[in-house]
Amino acid sequence: MTPRALLRPGQMAWLAEIGVDTHWLAARPVSIPASKPAPGREPERSPVVEMPAVDAGLKRVRAPYGLGVPQAPAPGIDAPADCPDLSALDAAVAACVRCARHAQRVRAVPGTGQGVRPHYLIVGEQPGLEDDAGGLPFQGDSGRLLAAMLSAARLPQAESTYLTYAVKCRAVGGREPSPQDVAACLPWLRRQIALLRPRWILALGRVAAQAVIGVEGDLDELRGGPHRHVPDQGEPIPVWVTHQPSSLLVRSAWKAEAWRDLAGLAAAARAGAEAV
Ligand code: URA
């Protein structure tokens with residue numbers, strides 16, 4: 001059966017709304033292993049998956065951004081590990097001067113959303129122009145597209161979401177974060193993840209994926225999942241990767257790939273919820 005044949009009418013309508021031509025989906029099958037039905041239950045028609053073991057099929061790791069290398073002390077408030085809660089972390093990020101971006105930002109963008117054990121932590125690359133002006137992530141067209149994509153994918157418990165960026169300040173002109181920018185900001189992201197303890201992480205774009213997973217690789221190698229984030233304390237967190245909405249706004253042909261990635265995450269999250 002093609003992925004297209006698995007879509008319900010509501011999903012088709014959403015896909016049309018976010019600009020995905022569902023005929024493309026017939027070209028490449030969704031690479032999700034089908035779940036076994038629970039004893040005594042009928043198998044589902046939708047592509048529900050069993051969550052593979054966290055170590056299964058992980059891509060080979062080459063650590064970028066000096067992971068594990070102690071960060072040089074920087075002036076100002078600069079002690080991610082000492083932030084006891086999210087509001088302390090937000091305040092520290094707002095005052096951060098760890099990289100040159102602090103002189104270029106209007107406002108730092110620490111993040112927003114469900115601050116206690118969210119179902120999903122969504123990590124983008126860096127604040128857009130409107131995010132920088134208002135201090136909130138995923139504003140404007142990118143935010144609207146992201147919301148439509150999440151709706152289309154029917155992520156279970158999608159209302160329980162926290163949004164942030166790998167690099168929390170925008171550089172002049174929206175310059176892509178350098179490895180040094182990402183390394184400077186990584187301790188904030190890692191502390192944020194440790195405080196939030198999300199069940200799933202969705203990384204949007206190559207820079208966010210590399211920062212969250214701690215691997216090198218281009219986006220096509222990293223897209224989909226499961227990958228994992230290994231926090232400083234606690235269990236590894238499963239990670240899925242897809243395109244960032246700002247890229248999809250300029251290359252709409254990638255929307256079908258993004259939908260497939262999110263469908264994989266939704267199926268894995270459904271299977272995870274059933275297994276609990
Ligand atoms: N910032 C990102 O990193 N990605 C987006 O899609 C929008 C803002």
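Remember, it's 1-based here, ligands and their atoms both numbered in the order they're listed. Predicted, not measured: the structure shown is a model, and the values here were computed from it.
- Tyr165 OH, 3.4 Å is the protein heavy atom nearest to atom 8 (C) of ligand 1.
- Each of Leu136 and Leu146 belongs to its own hydrophobic cluster when Ile, Leu, Val, Met, Phe, Trp and Tyr are linked at side-chain heavy-atom distances under 4.5 angstrom.
- Across all non-hydrogen atoms, the minimal contact from Val123 to Ala208 is O-CB, 3.3 Å.
- For atom 1 (N) of ligand 1, the nearest non-hydrogen atom of the protein is Gln126 O, 2.6 Å.
- An N or O contact shorter than 3.5 Å is missing between Gly124 and ligand 1 by distance.
- Each of the atoms 6 (O) of ligand 1 lies under 4.0 Å from some heavy atom of Pro245.
- Those atoms of ligand 1 that come under 4.0 Å of a heavy atom in Ser142, given as number and element, are 6 (O), 7 (C).
- The closest protein non-hydrogen atom to atom 5 (C) of ligand 1 is Ser246 OG, 3.4 Å.
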(message) Run the side chain to side chain donor-acceptor pair (under 3.5 Å) test on Arg101 and Gln126 for me, step by step, so that the C-alpha distance in whole Å, both residues' side-chain angles and the decisive distance to 0.1 Å come before the verdict.
(response) CA-CA 11 Å; Arg101 287 177 173 241; Gln126 62 166 333; 2.7 Å; yes
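- From the protein, the heavy atom lying nearest to atom 4 (N) of ligand 1 is Gln244 OE1, 2.7 Å.
- Enclosure of atom CZ in Arg199 by more than 12 non-hydrogen atoms of other residues, nucleotides or ligands within 6.0 angstrom is indicated.
- A donor-acceptor contact under 3.5 angstrom links the side chains of Ser178 and Asp181, judged on distance only.
- Classification of the Phe138-Tyr165 ring pair by plane angle, with boundaries at 30° and 60°, yields tilted.
- The protein heavy atom nearest to atom 3 (O) of ligand 1 is Glu125 N, 2.8 Å.
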